[in-house]
Amino acid sequence: MDDVLAQFTAEVTRALVATGQVPADLIELATPKPNIPTDLAFPTFKAAKALGTAPPALAAALAAALTLPPDGLTGTVTTFGPFLNFSLHPERLAVAVISLIRATGAHYGHQQIGAGRRMVVDYSAPNVAKRMHVGHIRSTIIGQALVNVHRALGYTVIGDNHLGDWGKQFGVVLASVERDGTPTGQGEAVLAALEAQYARYAADAKADPALDEHARLWSLRLEQGDPQARALWQWSVDLTMDAAQRNYDRLGVAIDHAYGESFYEPMLAEVIQAALDHGVAFREAGGAVVVEALDQMPTFLLQRSDGGTLYMTRDVATIHFRVREFQPTHIVYVVGEPQALHLRQLFALVRTMGYAKTTELTHVAFGTVFDSAGQPLSTRRGNMVYLETLLDDAVSRARAVVEQKSPELPAAEKQAVAEAVGVGAVVYNDLYQDPKRNLTLDWERMLATEGNSATYLQYSHARCRSILRRAAEDGSAAQPDALALLIHPSETRLLKHLARLPEAVREAGKRYAPFVIADWCYTTAREFGVFFEQCPVLKAESPALRAARLALVAATATALKNGLSLLGIKAPERM
RNA sequence: GGGGCUGUAGCUCAGUUGGAUAGAGCAGCGACCUUCUAAGUCGUUGGUCGCCCGUUCGAGUCGGGCCAGCCCCGCCA
């Protein structure tokens, strides 16, 4: 089913072509900026030039010659100099938009443009034996939103959690466990303990070469499949995933697979050999396998001189595996901007090797998180913020606000609202702006309950639901409606914006930019806020108008909830 | 030295096939709760779109050159 604006555009295009005065390939319609009081414009500059006439003359001639369908979505047609402007017909807009939202419900905004395409999304990727921190939250939250958006667009999406469960540092993890024992506890607390003993061991090893050598030995035992090393490693993987899962559950994150780096260990020799055979890489005198001067990019390694592999090696193997296993049309990496060069090199290498001939490879780069003093967050600086404590803190602050604003709610509901609001604030903080910008962790901004904030969006939804609940209680919800009565300017503005959700979802997918949907949600909430002030619903002048406004409120609630759901934000019924 | 990202109001950000008068929020000032949730709404203050040049009917948007901030550039991930 075409969305309303697509129908409108098609209708206008058909009418323009039917005049016989302008060929279809010269018709480029534009959506004017919000400050321009029209809904669709035909800037006639190019067409006029091609036809050898003046733009204002062409606009006027077309306006005179146009015949629009009498029952269509187009209302008035006007000219403004060289611009030929089309406005939506308020009554028919209301009927079309609300009917479509009613018919599609929780799927309003969903479409099928991605049908038949398969997308692997690589996101989250926590490191085993470490807590998830703000660096992982960006990948996790942006990645899940992109998964949601592309599923809504009809793509078959496969999420893959590329766990950092391999590499040299595991020798230190295992050696420290051997020396200091296995910490016990729940969630991130036990991981914190493990991190601490890792740090102690690493520090001691700097002074004591024997400890360093011992860690190297554990690393080797692990790579060779030694049962004891393997068992300890598995224990740390399970521990990490348990803790991560608690965070994922709260964030509405569900990742289909977790093929960690370790999974690719058996495929690495083949990858190195293939690169050598192909000639894209060579083995230098010291033994290292080198890729040089690929697409003017800096040299990098596929194998260390001591025979060890690198994350590049595993990443090549990962693409090779994903292509064979999933036959994806797209692979999307939700990885920080500092790794941009690495991924460009990776993509260039697999292209050269012929591993991903028909797969589009995309790096969705996100910026670095800074603290309020402008310092990057790092364990070493001591300003690191961990995901679980971040969520807990946000929820407890939200709880205080709920206590103050809605003391009448039952305790269990207060807690549920606080969880939705607190977690929503953290999620929204990562989704309200373009991911490639750097982000400042600003508690005031993040936990704001006004302006462009998750809380404001949730509040707007709750207000809709509140009206609908009252209507259901007094029985007025059952009245027959007359949607064509919705012609108040604030109603029309709201309806026009509701009509834009499908387009916003498409754009968010195309640009890998969830903030497009966040923006849509925000504008929806604003337009609803104006409508709420200006148009009484339950006390509307007539039963028919009340019923029509109730339908608009219901449509707004549905659409807003859909938008929030794509972002992974819950929409409580009351708050 | 080479490369990437960013630069729009005091602060945080939108502005994407070039198009009309560059938009929000926060902060500041002022107004509105006997009417559906004031976590709201309205008004107002605030701009050399980093700088210069170019492309053209038209540039915040495209191209080139500078400037500033962050990041990356073989044996970590």
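Chain A is the first sequence line, chain B the second, and so forth, proteins listed ahead of strands; every chain is numbered from 1. Computed from heavy atoms alone, side chains included, the values below leave out hydrogens, waters and symmetry copies.
Looking at A:Lys49, its side chain has no donor and acceptor atom pair within 3.5 Å of the base of B:rG19. Within 3.5 Å, a donor on the side chain of A:Ser305 pairs with an acceptor on the base of B:rC75, or the reverse. Between the side chain of A:Tyr459 and the base of B:rA39, no donor-acceptor pair of N or O atoms lies under 3.5 Å. If you check distances only, the side chain of A:Asp315 never reaches the base of B:rA77 with a donor-acceptor pair under 3.5 Å.
Counting to the nearest Å, the P atom of B:rU6 and the CZ atom of A:Phe370 are 14 Å from each other. What separates CZ of A:Phe300 from C1' of B:rG74 is a distance of 10 Å, to the nearest Å. Taking atom NZ on A:Lys33 and atom C1' on B:rC49, their separation rounds to 11 Å, with Å as the unit. Rounded to whole Å, the distance from CZ on A:Arg526 to C1' on B:rC42 is 10 Å. For A:Tyr198 and B:rA77, the OH to C1' distance is 11 Å, given to the nearest whole Å. Between the CG atom of A:Asp430 and the C1' atom of B:rC13 there is a distance of 15 Å, rounded to whole Å. Rounded to an integer number of Å, the gap from CG of A:Leu346 to P of B:rG74 is 17 Å. Distance A:Glu292 CD to B:rC73 C1': 14 Å, rounded to the nearest Å.
Among the protein residues, A:Tyr456 comes within range of the sugar-phosphate backbone only, with heavy atoms under 4.0 Å from sugar or phosphate atoms but none that close to a base. Contacts of A:Asp442 with the nucleic acid, taken as non-hydrogen atoms under 4.0 Å apart, are absent. At a threshold of 4.0 angstrom between heavy atoms, the contacts of A:Gln433 are confined to the sugar-phosphate backbone, with no base atom among them. When heavy atoms are screened at a 4.0 angstrom cut-off, A:Pro338 is found touching the sugar-phosphate backbone but no base atom. Within 4.0 Å (heavy atoms only), A:Cys535 reaches at least one base atom of the nucleic acid. Residue contacts for A:Glu284: at a heavy-atom cut-off of 4.0 Å it reaches a base atom on one of the strands shown. Counting non-hydrogen atoms under 4.0 angstrom, A:Asn85 reaches a base of the nucleic acid.
Separation of the P atoms belonging to B:rG46 and B:rC52 is 23 Å when rounded to the nearest angstrom. The gap from the C1' atom of B:rA27 to that of B:rA9 amounts to 12 Å, rounded to the nearest Å. Going from the C1' atom of B:rG30 to that of B:rU12 covers 24 Å, rounded to whole Å. The same atom, C1', is picked in B:rC49 and in B:rU61; the two are 10 Å apart, to the nearest Å. For the P atoms, the distance from B:rG15 to B:rG60 is 16 Å, rounded to whole Å. Taking the C1' atom of each, B:rU56 and B:rC62 are spaced 11 Å apart, rounded to whole Å. With C1' as the reference atom, B:rG69 and B:rA22 are 24 Å apart, rounded to whole Å. To the nearest whole angstrom, the two P atoms, one in B:rG3 and one in B:rG65, are 9 Å apart.
For A:Arg546 and B:rC36, the shortest distance from a side-chain N or O to OP1 or OP2 is not below 4.0 Å. For B:rU37, one of the phosphate oxygens OP1 or OP2 lies less than 4.0 angstrom from a side-chain nitrogen or oxygen of A:Arg470. Put simply, A:Thr299 has no side-chain N or O that comes within less than 4.0 Å of OP1 or OP2 on B:rG74. Taking 4.0 angstrom as the limit, A:Arg344 places none of its side-chain polar atoms (N or O) nearer than this to OP1 or OP2 of B:rC73. Contact between the side-chain N/O atoms of A:Asn35 and the OP1/OP2 oxygens of B:rG23 is found at a separation under 4.0 Å. Taking side-chain N and O atoms only, A:Lys436 has no distance below 4.0 Å to OP1 or OP2 of B:rC5.
A:Asp295 contributes no side-chain N or O that, together with a main-chain N or O of A:Met297, makes up a donor-acceptor pair within less than 3.5 Å.
Remark: B:rA9 base-pairs with no nucleotide; criterion is Watson-Crick or G-U wobble with both hydrogen-bond distances under 3.5 Å. Base pairing analysis places B:rA31 opposite B:rU41; the two distances defining the Watson-Crick or G-U wobble pair are each below 3.5 Å. Base pairing of B:rC75 is not made with any nucleotide, judged by Watson-Crick or G-U wobble geometry with both donor-acceptor distances under 3.5 Å. Pair check for B:rU56 finds none; no Watson-Crick or G-U wobble contact set falls under 3.5 Å.
Of the candidates B:rU35, B:rG74, B:rA39, B:rU35 carries the atom nearest the A:Lys539 side chain, counting heavy atoms from C-beta on. Side chain of A:Tyr432, nearest nucleotide from B:rU6, B:rC70, B:rC13: B:rC13. Taking every side-chain heavy atom of A:Arg445 into account, B:rU12 is the closest of B:rU12, B:rC75, B:rG4. Taking every side-chain heavy atom of A:Val530 into account, B:rU41 is the closest of B:rU37, B:rA77, B:rU41. Across B:rA20, B:rU6, B:rC26, the shortest atom-to-atom separation from the side chain of A:Glu450 is found for B:rC26. Listed candidates were B:rC36, B:rA39, B:rA14. Nearest to the side chain of A:Arg437 is B:rA14. Comparing B:rC76, B:rC71, B:rA20 by their nearest atom to the side chain of A:Thr38 picks out B:rA20. The side chain of A:Leu341 approaches B:rC72 more closely than any other nucleotide in the set B:rC36, B:rG40, B:rC72.
Residue-to-nucleotide proximity on RNA chain B shows that, of A:Lys46 and A:Gly164, the 5′-proximal contact is made by A:Lys46. When each of A:Phe42 and A:Ile467 is assigned the nucleotide of RNA chain B bearing its nearest heavy atom, the one mapping closer to the 5' terminus is A:Phe42.
Aromatic ring centroids of A:Tyr123 and A:Phe366 lie 6.0 Å or more apart. Separation of the A:Tyr333 and A:His162 ring centroids does not fall under the 6.0 Å cut-off.
Stacking of the aromatic ring of A:Phe83 onto the base of B:rG19 is not found under the criterion of centres within 5.5 Å and planes under 30°.
At a threshold of 4.5 Å between non-hydrogen side-chain atoms, the residues A:Glu541 and A:Arg546 do not count as touching. Side chains of A:His497 and A:Phe528 form no contact here, defined as non-hydrogen atoms less than 4.5 Å apart.
The one candidate from A:Leu29, A:Leu58, A:Val77 that meets the side-chain contact (heavy atoms from CB on, under 4.5 Å) condition with A:Leu84 is A:Val77.
In this entry the base of B:rG74 is syn relative to its sugar, with a glycosidic angle within 90° of 0. B:rC66: glycosidic angle beyond 90° from 0, hence anti.
Using a 4.0 Å cut-off between a side-chain N of Lys or Arg and a carboxylate O of Asp or Glu, A:Glu491 and A:Arg549 qualify as a salt bridge. A salt bridge links A:Arg216 and A:Glu213; the closest N-O separation between the charged side-chain nitrogens and carboxylate oxygens is under 4.0 Å.
Side-chain atoms of A:Thr140 and A:Ser124 form a donor-acceptor pair, as typed in the model, at a separation below 3.5 Å.
Annotation: A:Glu408, atom CD; neighbour count of heavy atoms from other residues, nucleotides and ligands within 6.0 Å is above 12.
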